[in-house]
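Data block below; observations after.
In each ligand, atom 1 is the first atom listed, and ligand 1 is the first ligand listed. The first residue in the sequence is number 1, and the count goes up from there.
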Amino acid sequence: MLKLSKPNISEAAISAVADVLRSGQLVHGQECEAFERELAAYLGCADVVLVSSGTAALHVALLALDIGPGDAVVVPDFTFPATANAVAMVGARPVIVDVEAGTYTLDTAQFEELVQNWKGPERLRAVIPVHEFGCMADMPAINRIAREHSMAIVEDAACALGAIRADRKAGTWGDVGCFSFHPRKTLTTGEGGALATDNVDLASRMRRLRNHGMERTVTGMRFLEPATNYRLTNFQAALGRAQLPLLDEWIDMRRRLASAYVTLLKPLQDEGVLLLPDLVAGHSWQTFMVVNRSDLPRSRIIQILQDEGFEVNLGAQSLSVIGIYAGSDKAAPCGGHLYREGIALPFCEQYSKTNLEMVAQALARCLGK
Ligand SMILES: *Cc1c(COP(=O)(O)O)cnc(C)c1O
């Protein structure tokens, strides 16, 4: 079975983890502090705060910005539910805006229209643009609109570590950027996540919020506010550190493979049975998703490909369709369509062009005319 993707863990990474396990320093420690510094240098931001997942990062970002009851936060329709769940968990309301067809990211025209016509009753406090599958949302436009309306910007860069737009990395455009190191992402620590920011006050608040609301003093510890334990472990940080120097190389390979996929699948798009993603510069290609436009139901296509030994899956969810946030806003036809017809194909830097050719041939057998 050619899996959807697979973690890229070297023997050197495994021994780095084993070294930490032997050291006995299992929770927050030197590896965590080094990984924070190295990530900040890689991203080009002032500070990075590690947490235990991408969801924890989103939750801590919203807590640190004091977003809560009476507030509303704009989220794109097509994403992983954690984006909206974090908003709901702090007691605010997620307001769903549709996405664009070729990039699967927030539709900025619809975002601007919503913001300009906002009548409450909640205060529109923030926007969470999602860099879906590693494709950066239109951050120049989103930043302009959000700033004009005094809204905070929390980037959900969970799948976009290493994505770049106009020489600025994903996660460094807003007030806070949130990353995930789940095994489905390009760099993984098992579970894991990080927050990036240029605001040093926000960084120290986020450090406190991931660690029981605690600050160390010369005499001991002070507990300043109710908070979480969302710390990353020292051995997870060692695993992440071992991968970071290789990340840009992996992303380059992913970019080459994504354009190979587009070339291989172009005939199916020309026949009108498949829609391919835009080859956007700076895309980090965490996932390669196509959209079914044939008469075959997607479930059937997924089954046929599975039977032929290719693990394929739906790409992401539609917040307006999944139920818990349905009806909270007007429908999002584009996000709904991507959710119903999207097919994520086997894809990662460890796959060869031959692997992709086999997937493309299987798709052509099933969809081709
Ligand atoms: C993976 C992902 C998350 C959640 O990250 P976890 O580390 O699994 O909690 C949130 N948002 C998006 C867009 C994601 O892809």
Side-chain angles (χ1 to χ4, degrees), residues 4-5 7 35 39 48-63 73-90 94 96-97 99-100 103-106 126-137 139 142 153-163 170-171 173-174 176-196 206 210 228-233 236-237 239-240 243 251 254 277 283-289 313-320 322 324-325 332 335 338-339 342 344 347-348:
L4 206 47
S5 127
F35 193 30
L39 277 169
V48 164
V49 178
L50 293 173
V51 287
S52 53
S53 70
T55 307
L58 289 162
H59 192 197
V60 164
L62 296 173
L63 290 171
V73 177
V74 172
V75 293
D77 183 63
F78 187 67
T79 182
F80 191 68
T83 315
N85 291 348
V87 175
M89 283 194 304
V90 299
I96 299 162
V97 168
V99 294
E100 296 172 353
T103 65
Y104 319 147
T105 64
L106 191 73
V127 55
I128 311 184
V130 176
H131 305 310
E132 192 59 47
F133 303 147
C135 182
M136 284 190 66
M139 292 313 295
I142 292 166
I153 302 152
V154 175
E155 293 172 75
D156 183 341
C159 6
L161 182 65
W173 286 75
V176 188
C178 302
F179 297 94
S180 164
F181 307 134
H182 181 273
R184 268 294 280 123
K185 321 297 185 192
T186 307
L187 182 153
T188 184
T189 60
E191 301 286 1
L195 293 140
M206 296 190 302
R210 75 161 175 203
T228 73
N229 171 1
Y230 280 161
R231 294 183 309 248
L232 193 76
T233 67
Q236 288 172 301
L239 186 55
Q243 292 164 59
I251 292 172
R254 284 171 180 252
H283 200 313
S284 64
W285 296 102
Q286 174 258 344
T287 287
F288 188 91
M289 188 190 88
N313 207 341
L314 83 173
Q317 308 289 322
S318 162
L319 295 176
S320 57
I322 55 171
I324 46 176
Y325 301 113
L338 293 172
Y339 165 61
F347 188 78
C348 70

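- Heavy-atom contacts of S180 reach the following atoms of ligand 1: 5 (O), 6 (P), 7 (O) (cutoff under 4.0 Å).
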Tabulate below the donor-acceptor pairs under 3.5 Å that side-chain atoms of residues 53-63 make, not counting sequence neighbours, or state none.
residue	atom	partner	partner atom	Å
S53	OG	T55	N	3.3
S53	OG	A56	N	2.9
H59	ND1	Y230	OH	2.8

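- Residue G193 places no heavy atom under 4.0 Å from ligand 1.
- Closest protein heavy atom to atom 11 (N) of ligand 1: D156 OD2, 2.8 Å.
- Using a 4.0 Å cut-off to heavy atoms of T79, the atoms of ligand 1 that qualify are 13 (C).
- Ring geometry, F78 versus Y104: the interplanar angle exceeds 60°, so the pair is classed perpendicular (tilted spans 30 to 60°).
- When hydrogens are left out, the protein atom nearest atom 4 (C) of ligand 1 is T55 OG1, 3.7 Å; that is the closest non-hydrogen contact.
- Interface atoms of ligand 1 facing V130, defined by a heavy-atom separation under 4.0 Å, are 13 (C).
- Below 4.0 Å from some heavy atom of S53 lie the following atoms of ligand 1, by number and element: 7 (O), 9 (O).
- Residues S284 and A160 approach most closely at OG-CA, 3.8 Å, considering heavy atoms.
- When only non-hydrogen protein atoms are considered, atom 1 (C) of ligand 1 lies nearest to K185 NZ, 1.8 Å.
- Counting all heavy atoms, side chain and backbone alike, L232 lies closest to E191 at CD1-O, 3.8 Å.
- Scanning both residues, S318 and G335, for their nearest heavy atoms gives CB-O, 3.8 Å.
- Outside the 6.0 Å centre-distance limit, the rings of F347 and F133 are not counted as a close aromatic pair.
- When hydrogens are left out, the protein atom nearest atom 3 (C) of ligand 1 is A158 CB, 3.7 Å; that is the closest non-hydrogen contact.
- Between the side chains of D77 and Y325, no donor N or O sits under 3.5 Å from an acceptor N or O.
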